[in-house]
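Working notes, beginning with the structure itself.
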Amino acid sequence: MNARLWQYALFAAFSLSGFSGLIYESVWTNYLKFFLGHAAYAQTLVLALFMGGMAAGAWLAGRYMSRIKNPLIAYVLVEIIIGLFGLFFHKVFVATSGYMLNDVLPGLESPLLVELIRWAFAAILILPQTILLGATFPLISIGILRAFPSTPGSSLSMLYFTNSIGAVAGVLVSGFVLVATVGLPGTILTAALINFFLALIVYSIDRQLPKTSNAQAAAAPTPSQQTAPLLRPLLMVALI
């Protein structure tokens, strides 16, 4: 297959990552509202942890990227771990939330302590997955840039585009189709199966790509002197 087609195949695969990621976000909200007692609390917590965990995962992946020899294989491992979390999430949630509600919280006298434990427990349930989800974009983007170094700008743009399109589809399908059809356990199981399928696809593609040398991998694209002055204004625009 032409190298460009393998690149497009990775773009298409990453749309599935966005699809499954937003299924998780919408389903976690439905689960946690039963434990926290209100949908608004669950939505607030999930959104904060989802964005914060994604940022932390991206930062960690970027910080240790120089030590990763094959980012695409690292991406495959991350997707497998996310899938395992999704595979067992329902059983873990039912068992642990039942224990908290029936055995732990009734014995506490302080309302503040009860709320702190409830929110901390809910955060622990989903924070590891959000950090892993945040690591996926840096890993696959660097993997693609190393495999196809001639088109860094268009590659990153297409990754954002395909991932965002997949995310929109994931929200719509999970909210209007999957939950009504297979319930919360079936919906989160669907997301986990997508993670496993995605890991298999990216692994298969990686085996077909030519391997870059250490020197080529180290020569990552850097901003030119002409574009560097634009960096600070663009960051301010993004902040606002």
Side-chain angles (χ1 to χ4, degrees), residues 11-57 75 78-102 105 115 117-137 140 160-202:
F11 293 150
F14 199 51
S15 68
L16 292 177
S17 179
F19 186 88
S20 64
L22 268 292
I23 288 179
Y24 283 124
E25 183 183 5
S26 61
V27 170
W28 288 336
T29 299
N30 283 281
Y31 272 101
L32 292 183
K33 72 181 180 183
F34 296 115
F35 182 74
L36 296 176
H38 200 290
Y41 298 158
Q43 290 170 347
T44 301
L45 180 66
V46 169
L47 181 60
L49 289 177
F50 191 79
M51 301 306 293
M54 292 272 287
Y75 173 83
V78 168
E79 287 289 350
I80 291 174
I81 297 172
I82 295 172
L84 290 173
F85 272 113
L87 194 63
F88 297 104
F89 181 85
H90 177 75
K91 291 183 178 180
V92 171
F93 175 82
V94 171
T96 55
S97 62
Y99 173 73
M100 294 291 294
L101 293 173
N102 296 325
L105 297 181
E115 290 304 314
I117 291 177
R118 277 155 54 98
W119 284 73
F121 170 76
I124 291 172
L125 278 176
I126 65 173
L127 184 59
Q129 295 97 301
T130 63
I131 293 175
L132 290 170
L133 286 169
T136 58
F137 184 86
I140 197 169
Y160 271 115
F161 174 76
T162 53
N163 188 252
S164 299
I165 289 295
V168 172
V171 170
L172 294 175
V173 172
S174 64
F176 293 100
V177 178
L178 289 176
V179 173
T181 304
V182 296
L184 294 179
T187 302
I188 202 165
L189 177 61
T190 300
L193 294 177
I194 291 173
N195 292 131
F196 295 137
F197 177 67
L198 179 56
L200 178 61
I201 289 180
V202 175

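The figures here come from the full heavy-atom set of this structure, side chains too, leaving out hydrogens, waters and symmetry mates.
You'll find the side chain of L127 reaches within 4.5 Å of the side chain of I131, heavy atoms only. Looking only at side-chain heavy atoms (C-beta outward), I126 and V46 come within less than 4.5 Å of each other. Counting heavy atoms from C-beta on, the side chains of E79 and T136 come closer than 4.5 Å. Under the 4.5 Å side-chain criterion, counting only non-hydrogen atoms from C-beta, S20 is not in contact with F197. Contact check for L125 versus T96: side-chain heavy atoms found under the 4.5 Å cut-off.
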- With ring pair (Phe, Tyr, Trp, His ring centres under 6.0 Å) as the test, would you mind laying out the steps for Y160 and F137 before giving the verdict? CA-CA 9 Å; Y160 271 115; F137 184 86; 4.5 Å; yes
- Worked verdict on L133 versus E25 for side chain to side chain contact (heavy atoms under 4.5 Å, CB included): CA-CA 11 Å; L133 286 169; E25 183 183 5; over 6 Å; no
- Message: Let's go through H90 and L184 carefully: what are the C-alpha distance in whole Å and the side-chain angles of both, what is the deciding distance for side chain to side chain contact (heavy atoms under 4.5 Å, CB included) to 0.1 Å, and is it a yes or a no?
- Response: CA-CA 8 Å; H90 177 75; L184 294 179; 5.6 Å; no
- Task: Check step by step if side chain to side chain contact (heavy atoms under 4.5 Å, CB included) holds for L87 and I188.
- Result: CA-CA 7 Å; L87 194 63; I188 202 165; over 6 Å; no
- Which is it for N195 and F85 under the side chain to side chain contact (heavy atoms under 4.5 Å, CB included) test, yes or no, and what are the steps along the way? CA-CA 10 Å; N195 292 131; F85 272 113; over 6 Å; no
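The line from CG of L32 to OH of Y41 is 14.5 Å long, rounded to the nearest 0.5 Å. Between atom CZ of residue F19 and atom CG of residue N163 there is a gap of 12.5 Å, rounded to the nearest 0.5 Å. Taking CD1 from I82 and CZ from F196, the interatomic distance works out to 10.5 Å, rounded to the nearest 0.5 Å. Taking CG from L45 and OG1 from T29, the interatomic distance works out to 8.5 Å, rounded to the nearest 0.5 Å. For the atom pair OG1 (T130) and CH2 (W28), the distance works out to 6.0 Å, reported to the nearest 0.5 Å. Atom CD of residue Q129 and atom CG of residue L84 lie 11.0 Å apart, to the nearest 0.5 angstrom.
When every heavy atom of A192 is checked against every heavy atom of G83, the shortest pair comes out as CB-O, 3.3 Å. Scanning both residues, G170 and I23, for their nearest heavy atoms gives O-CG1, 3.7 Å. The minimum heavy-atom distance linking A199 with I80 is given by the pair CB-CG1, 3.7 Å.
Between the side chains of S174 and T187, no donor-acceptor pair is found at a separation under 3.5 Å.
Ring centers of F35 and F121: under 6.0 Å apart, within the cut-off. The aromatic ring centres of F50 and Y24 sit 6.0 Å or more apart. Residues F161 and F11 keep their aromatic ring centres 6.0 Å or farther apart.
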